[in-house]
**Student:** 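Dropping the structure in here first, questions after.
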2 protein chains.
Amino acid sequence: MVSKPNDVSGDALIAALSALSNPHRLRVIAVLADGRQYVSQLAREMNMSRPLLTVHLRKLEAAGLVNGSLELSEDGKAMKFYELAQFEIVLTPETLAEAAKTLSGGGSDV
Amino acid sequence: MVSKPNDVSGDALIAALSALSNPHRLRVIAVLADGRQYVSQLAREMNMSRPLLTVHLRKLEAAGLVNGSLELSEDGKAMKFYELAQFEIVLTPETLAEAAKTLSGGGSDV
DNA sequence: TTCATGTGTAAACAAAAGCTTTCATGAGGT
DNA sequence: ACCTCATGAAAGCTTTTGTTTACACATGAA
């Protein structure tokens with residue numbers, strides 16, 4: 001089969017949708033759309049606690065929507081930068097029905 | 001501004017994504033893609049309890065993804081039919097950043 | 001050393017979602 | 001009268017998610 005825009009497993013799709021269905025995480029996406037940023041600075045800009053932001057970033061990363069990389073600044077500090085992944089997910093009754101077929105557990109019952 | 005494919009408020013988008021990020025509800029979409037159906041029959045086909053299915057259908061309806069209508073069968077029984085709504089939601093960094101701007105609470109902080 | 005910056009993670013609590021069970025309704029067929 | 005099939009809704013429990021507070025470590029500068 002030819003690869004389509006959102007050729008992901010049902011489980012992966014659910015992970016992505018789950019990750020995106022949260023105001024904080026949606027705002028994170030919006031801020032990262034302006035460029036990559038490191039955690040502490042991002043936390044300041046968004047006015048939220050760093051541990052909380054960390055959790056949200058992890059969820060976004062697990063869903064493959066952002067990518068993190070640990071880097072070192074000039075003055076030797078470890079900084080974790082996050083940037084947006086490239087993705088395009090199209091949700092229609094058809095694409096969703098397709099995704100549902102690949103859910104772990106089979107087609108109709110388990 | 002011209003209406004785009006997913007010209008919905010950030011809150012509405014989150015409701016839709018939240019509704020779709022569930023295996024049961026994704027399967028409901030898949031089954032309804034084959035045609036409208038009433039609750040009890042749907043529950044049997046999907047092998048899940050009717051009260052549970054009802055809750056999921058409500059959530060899908062609240063998100064505007066399905067539509068329900070109460071009808072009467074030939075033998076006078078009240079039957080609640082659900083059918084898919086037509087929708088197309090495109091998720092990219094850009095569309096999500098747009099949606100984030102319209103979240104209840106403003107742009108960066110509350 | 002002390003203070004600032006950056007990182008990570010664990011503990012504990014609050015809130016929301018998911019699911020089952022139970023009860024109550026109404027109509028038609030036997 | 002009683003059974004079947006359809007609806008709706010509330011109570012209660014379990015699990016997951018969200019959030020804060022607090023702690024630990026490493027670096028460079030004063």
Side-chain angles (χ1 to χ4, degrees), chain A residues 10-11 14-29 36-63 65-83 100 103-105 109-110, chain B residues 11 14-29 36-63 65-83 103-105 109-110:
Chain A
D11 294 331
I14 284 185
L17 298 182
S18 180
L20 292 174
S21 59
N22 175 289
H24 283 338
R25 291 192 287 267
L26 210 52
R27 285 201 191 93
V28 169
I29 297 282
R36 64 205 300 272
Q37 192 54 275
Y38 66 97
V39 182
S40 289
Q41 177 60 22
L42 198 54
R44 278 190 292 267
E45 286 181 14
M46 302 188 59
N47 199 33
M48 80 168 81
S49 78
R50 192 170 53 78
L52 179 57
L53 178 58
T54 298
V55 172
H56 287 312
L57 284 170
R58 289 256 174 81
K59 190 150 189 174
L60 286 170
E61 187 173 28
L65 301 170
V66 304
N67 292 109
S69 65
L70 191 61
E71 302 178 11
L72 284 137
S73 67
E74 298 177 349
D75 50 348
K77 282 170 191 154
M79 304 167 87
K80 181 122 191 195
F81 275 85
Y82 278 93
E83 64 187 347
L103 282 173
S104 53
D109 63 7
V110 185
Chain B
D11 295 330
I14 284 185
L17 299 182
S18 180
L20 292 174
S21 60
N22 176 287
H24 284 337
R25 291 194 287 268
L26 210 52
R27 286 200 190 93
V28 168
I29 297 282
R36 62 206 302 272
Q37 191 55 274
Y38 67 98
V39 182
S40 289
Q41 178 59 22
L42 198 55
R44 278 189 293 266
E45 288 181 13
M46 302 188 61
N47 198 33
M48 81 168 79
S49 77
R50 190 174 54 77
L52 179 57
L53 176 59
T54 298
V55 172
H56 287 313
L57 284 171
R58 290 256 173 82
K59 190 150 189 173
L60 286 170
E61 187 172 28
L65 301 170
V66 304
N67 292 109
S69 65
L70 191 61
E71 302 178 12
L72 285 137
S73 67
E74 297 177 350
D75 52 347
K77 281 168 191 153
M79 303 167 87
K80 181 122 191 195
F81 276 84
Y82 278 93
E83 64 187 348
L103 282 173
S104 52
D109 63 7
V110 185

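Lettering follows sequence order; numbering is per chain, from 1.
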**Student:** Examine C/dG6: is either OP1 or OP2 under 4.0 Å from a nitrogen or oxygen in the side chain of A/Lys80? Give yes or no.
**Tutor:**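 Checking C/dG6 against A/Lys80, no side-chain N or O comes under 4.0 Å of OP1 or OP2.
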**Student:** Take atom CZ of A/Arg58 and atom P of C/dG8, then tell me their distance rounded to the nearest Å.
**Tutor:**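 So the CZ-P distance, A/Arg58 to C/dG8, works out to 6 Å.
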**Student:** Provide, to the nearest angstrom, the distance between the CZ atom belonging to B/Arg44 and the P atom belonging to D/dC5.
**Tutor:** 8 Å
**Student:** Can you check the B/Leu72 CG to C/dG26 P distance for me, whole Å?
**Tutor:** 15 Å
**Student:** For A/Ala19, is there any backbone N or O sitting under 3.5 Å from a side-chain donor or acceptor partner on A/Arg25?
**Tutor:** yes
**Student:** Provide, to the nearest angstrom, the distance between the CG atom belonging to B/Leu70 and the P atom belonging to C/dT25.
**Tutor:**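 After rounding, the reported distance stands at 18 Å.
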**Student:** How long is the line joining CE of B/Met79 and C1' of D/dC5, in whole Å?
**Tutor:**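 Rounded to whole Å, this separation is 9 Å.
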**Student:** Would you check if the side chain of A/Arg36 reaches a backbone N or O of A/Phe81 as a donor-acceptor pair within less than 3.5 Å?
**Tutor:** no
**Student:** Starting from P on D/dT17, measure out to CG on A/Leu60 and report it in whole angstrom.
**Tutor:**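 About 14 Å, once rounded to whole Å.
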**Student:** Measure CG/B/Leu53 against P/D/dA6 and give the value in whole Å, please.
**Tutor:** 13 Å
**Student:** Would you mind building the protein contact string for nucleotides 23-30 of chain D? One character per nucleotide, 5' to 3', B for base within reach (heavy atoms under 4.0 Å), S for sugar-phosphate only, - for untouched.
**Tutor:** ----SS--
**Student:** Assign a letter to each nucleotide of nucleotides 15-21 of chain C from its 5' end: B, base within under 4.0 Å of a protein heavy atom; S, sugar-phosphate only; -, no contact.
**Tutor:** ---SSBB
**Student:** To the closest 0.5 Å, what do you measure between CE (A/Met79) and CD (A/Gln41)?
**Tutor:** 8.0 Å
**Student:** Within this structure, what is the CZ-CD distance for the pair B/Arg44 and B/Gln37, rounded to the nearest 0.5 Å?
**Tutor:** 8.5 Å
**Student:** Hey, what do you get for NZ (B/Lys59) to OG1 (B/Thr54), rounding to the nearest 0.5 Å?
**Tutor:** 15.0 Å
**Student:** Could you tell me the separation between the CG atom of A/Asn22 and the NE2 atom of A/His24, rounded to the nearest 0.5 Å?
**Tutor:**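 Taking CG in A/Asn22 and NE2 in A/His24, the distance rounds to 6.5 Å.
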**Student:** How many angstroms lie between atom CD1 of B/Ile29 and atom CG of B/Leu60, to the nearest 0.5 angstrom?
**Tutor:** 5.0 Å
**Student:** In Å and rounded to the nearest 0.5 Å, what is the CG to NE2 distance from B/Leu26 to B/His56?
**Tutor:** 11.5 Å
